[in-house]
Every structure is written in C-alpha cells, then in structure tokens.
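Notes follow the structure.
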Amino acid sequence: MPLIAIKDITVAYGAPLRPVLGAVGAGINLDIHQGDFICLLGQTGCGKSTMLRLVLGSERPATGRVLIDGVEHQRPDRTRGYVPQKYSLFPDRTVLDNITFGPLVSEFNLATRWTPGYFQRRREVREQAMGYIRRIGLRESDAGKYPDQLSGGMQQRVAIAQALIMQPRILLMDEAFSALDPGTRREMQQLIKQLWADTGITVLFVTHNMQEAAFLASRVVVLAKKDPDSGSQVALDVAPPARLGDSTAMEFHARLEATCSGMRDAEEMAA
Ligand SMILES: Nc1ncnc2c1ncn2[C@@H]1O[C@H](COP(=O)(O)OP(=O)(O)O)[C@@H](O)[C@H]1O
Ligand SMILES: [Mg+2]
C-alpha cells in the first residue's frame, strides 16, 4: 500500500468555479511510497501549494480522497511536518523554545502544564532539541538566540528542526529554500538530502527550480495544465538521472523544461 494515495482528486476555487487541480471525470491520481523524495514542479499558480495542503490535511479536495496509510485525515497531525517558504518562527521565543514548542503543546494542556511530569518531559524534549540543533548545523550557543539574531538560512534550519522533532513520517516543504541566497540554498539542499538518506523519511518538496528538483528528488512530478481553462494534471512523473551534467541529464532537463512550460509544447516536442 502506498504511504500517500491521492485518489481521483479535483480542486476548484471561486464563483464561478475555476478548476485548479484535475477536472470533472479526470481527477489527479498519485501514489507516494515510504522513502520517496518527491519534488513537485510546475509553473506559478498550477496548484503545487494546494496539493501540499491536501496532503497536510489543512484543505480538502472538492472530489476524491487523500489517504495516508489507507486512512483519510481531516486535519494536520504529527504524521506530517510542514516547512513553508518563509520562516515561521515565534519571534519572541528562543531557538530552543521554538523547537520544543510543538511537542510540549501537543502533549500538555493548561491543566497538565507546570506539573512534575511536565518538567520531566520538558527536560527530555530540550535534550532532543539540542540533538536537532547540532544535526541541522547550528551551534549549541545558538539555542538561546532569538529569530531576529539569525540569518534567513539559520531560521530555515530551525523551521526544519521544528518539523523534525515531531518525528513526522512525511515532511512537506513548500518552496522552503526559495528565499535563500544561492550559497545557503545549496547548503540546505545538501542538508535535507542527507537527513532524508539518514532517516528514510518521505518528503514532498514543492519547488519551481528544475536544478533543485533534479538534485534532490527520487521522483520528479510535474503539474501542468492541458489548456488555460482546465485544472492541472500530472504531466510527468519520472526519476531524475543518476548523474547530473551528462547527455542523459541534458535530455532530462529539456524534457522537464518543455513539460513545465505547458503540456502542449511537450507533446509537440515528442511528436
Ligand atoms: N483559497 C483559495 N481561494 C481561491 N483561489 C485560490 C486559493 N488557493 C489557491 N488559489 C488559486 O489556485 C491556483 C493555484 O494556487 P497554488 O496552489 O498556490 O499554486 P502554486 O503553488 O503552484 O503557485 C492559483 O490560481 C491561486 O490563485
Ligand atoms: Mg505555491
């Protein structure tokens, strides 16, 4: 059974309804397996973020279903971690408190907070958080800093640690590196690829950068519209070439580029 099964989904917004994903009688189907690193590519507005929100469970499709391990989830929960494009840190909390916030808030309520059990657990979670701080490439001395004392890249590292400490089976990242300068972005790509290789976590990573997708993904999925009035479909679902830079890789990039810029162009190229 796939870890994530996207079954015949359509999404449409507005009045009159404008299809964004899929179309009546032609919903989107996609199976994502444990350990996949999926990069979701496509032009701005093609529905990448919408697709991510469907898997997160913060939004429901108009028709069709999204199953995680065979079960439909109505809202976000600990099985899925989410990292948005722009750092989502609490500005008035330290790095350590930002990372420990999720576990403590999900495990304790107003009645159980400040009990001996809470302090015991808080010690454990803080220790775990220090482990993640090292793992994401921050120094222990950064634990006490506030977000505005960190660079954009460091803030994104903290956002990743915030997601990872919940030990999600699925990590959802929406253009999470787009706001970073090229050098930092490269470092973050290497970090997330290493984390993926070390943990076997399943990643669904939205980007509109083809190089980023080819470097990170075990599967590149392109969303594109057949015509301007219809919702997007899966236009391409392929493994990137093992080596970057050779002739196979160049063909792959040409194909990606053609698909991203519209399915009709791709069909013309294939003919
Ligand atoms: N909540 C919403 N209400 C109305 N329109 C929306 C909503 N969310 C997204 N859209 C529209 O749906 C389309 C796809 O959006 P989105 O998933 O954000 O695309 P992408 O992430 O690929 O750029 C866009 O045209 C956007 O304006
Ligand atoms: Mg988006």
Side-chain angles (χ1 to χ4, degrees), residues 4 6-24 26-30 32 36-66 68 73-76 80-88 152 155-156 159-160 163 170-180 185 188-189 192 203-217 219-238 240 255-266:
I4 305 170
I6 293 169
K7 288 195 174 297
D8 206 21
I9 58 123
T10 66
V11 172
Y13 294 120
L17 277 176
R18 204 173 51 82
V20 170
L21 290 175
V24 179
I28 293 183
N29 287 289
L30 191 66
I32 297 172
D36 276 347
F37 195 131
I38 307 262
C39 280
L40 201 56
L41 270 173
Q43 286 187 331
T44 302
C46 74
K48 302 181 295 297
S49 296
T50 303
M51 188 70 115
L52 218 61
R53 288 196 301 271
L54 295 179
V55 176
L56 181 63
S58 64
E59 186 173 328
R60 309 211 42 208
T63 61
R65 296 190 305 160
V66 177
I68 315 279
H73 290 250
Q74 314 284 4
R75 58 183 65 86
R80 284 147 293 157
Y82 178 68
V83 182
Q85 175 174 350
K86 261 296 201 171
Y87 6 102
S88 51
Q155 293 193 35
Q156 267 320 54
I160 292 170
I170 302 164
L171 188 60
L172 305 169
M173 304 183 73
D174 195 351
E175 312 225 18
F177 303 154
S178 303
L180 305 176
R185 185 171 191 160
M188 295 298 283
Q189 289 168 352
I192 202 71
V203 184
L204 187 49
F205 187 104
V206 165
T207 176
H208 55 240
N209 183 311
M210 286 176 242
Q211 275 73 31
E212 183 164 78
F215 175 70
L216 289 176
R219 258 169 85 191
V220 176
V221 173
V222 179
L223 292 178
K225 292 176 196 286
K226 270 198 180 108
D227 61 71
D229 300 324
S230 68
S232 293
Q233 295 288 346
V234 172
L236 197 66
D237 181 353
V238 287
R255 198 167 158 215
L256 265 193
E257 204 144 343
T259 314
C260 285
S261 63
M263 285 203 274
R264 228 172 318 164
D265 299 348

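This one's a predicted model, so the numbers in the text were calculated from it and none came from an experiment. Just so you know, ligand 1 is whichever comes first in the structure, and atom 1 is the first atom listed for that ligand.
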*asked:* With a 4.5 Å cut-off on side-chain heavy atoms, are Asp229 and Arg18 touching?
replied: no
Open item on the list: Within the 4.5 Å heavy-atom criterion, are Phe205 and Leu172 side-chain neighbours or not?
Closed with: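 In short, these two side chains do not touch, never coming nearer than 4.5 Å.
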Quick one: look at [X] and ligand 1, take heavy-atom pairs under 4.0 Å, and tell me if it's side chain, backbone, both or neither.
| X | value |
| --- | --- |
| Thr50 | both |
| Gln43 | backbone |
| His208 | neither |
| Glu175 | neither |

Under 4.0 Å, counting heavy atoms only: does [X] come that close to any atom of ligand 1?
| X | result |
| --- | --- |
| Arg18 | yes |
| Gly14 | no |
| Gly42 | no |

Can you tell me the protein heavy atom closest to [atom] and the distance?
| atom | answer |
| --- | --- |
| atom 18 (O) of ligand 1 | Ser49 CB, 3.7 Å |
| atom 1 (N) of ligand 1 | Tyr13 CE2, 3.8 Å |
| atom 23 (O) of ligand 1 | Gly45 N, 2.7 Å |
| atom 19 (O) of ligand 1 | Gly47 N, 3.2 Å |

Could you tell me the separation between the [atom1] atom of [X] and the [atom2] atom of [Y], rounded to the nearest 0.5 Å?
| X | Y | atom1 | atom2 | result |
| --- | --- | --- | --- | --- |
| Asp8 | Thr63 | CG | OG1 | 6.0 Å |
| Asp174 | Met51 | CG | CE | 12.5 Å |
| Ile68 | His73 | CD1 | NE2 | 5.5 Å |

For ligand 1, which is the ligand I care about here, please tell me if Val20 has any N or O atom under 3.5 Å from one of the ligand's N or O atoms.
no
Backbone or side chain, does any N or O of Thr44 fall under 3.5 Å from an N or O of ligand 1?
no
Search all heavy atoms of [X] against all heavy atoms of [Y] and return the closest pair with its distance.
| X | Y | result |
| --- | --- | --- |
| Ala217 | Pro240 | O-CG, 3.1 Å |
| Cys46 | Leu21 | O-CD2, 3.8 Å |
| Lys225 | Ser232 | CG-OG, 3.7 Å |

Examine distances only and state if a side-chain atom of Gln156 and a backbone atom of Gln85 form a donor-acceptor pair shorter than 3.5 Å. yes
Set of ring pair (Phe, Tyr, Trp, His ring centres under 6.0 Å) partners for Tyr82, sequence neighbours left out: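 Residues passing ring pair (Phe, Tyr, Trp, His ring centres under 6.0 Å) with Tyr82: none at all.
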Protein N/O/S atoms closer than 2.8 Å to the Mg ion (ligand 2) number 1
* Asked: For His208, does the NE2 atom sit with more than 12 other heavy atoms under 6.0 Å from it, leaving out its own atoms?
  -> no
- [ ] Determine if the distance from atom 13 (C) of ligand 1 to the closest protein heavy atom is below 4.0 Å.
- [x]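 Looking at atom 13 (C) of ligand 1, one finds that a protein heavy atom does lie closer than 4.0 Å.
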Sorted by chain and number, sequence neighbours left out, side chain to side chain contact (heavy atoms under 4.5 Å, CB included) with Ser58 holds for Arg53, Leu56, Pro76
Residues in salt bridge (charged side-chain N to carboxylate O under 4.0 Å, His left out) with Glu212, at least two apart?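 Arg185.
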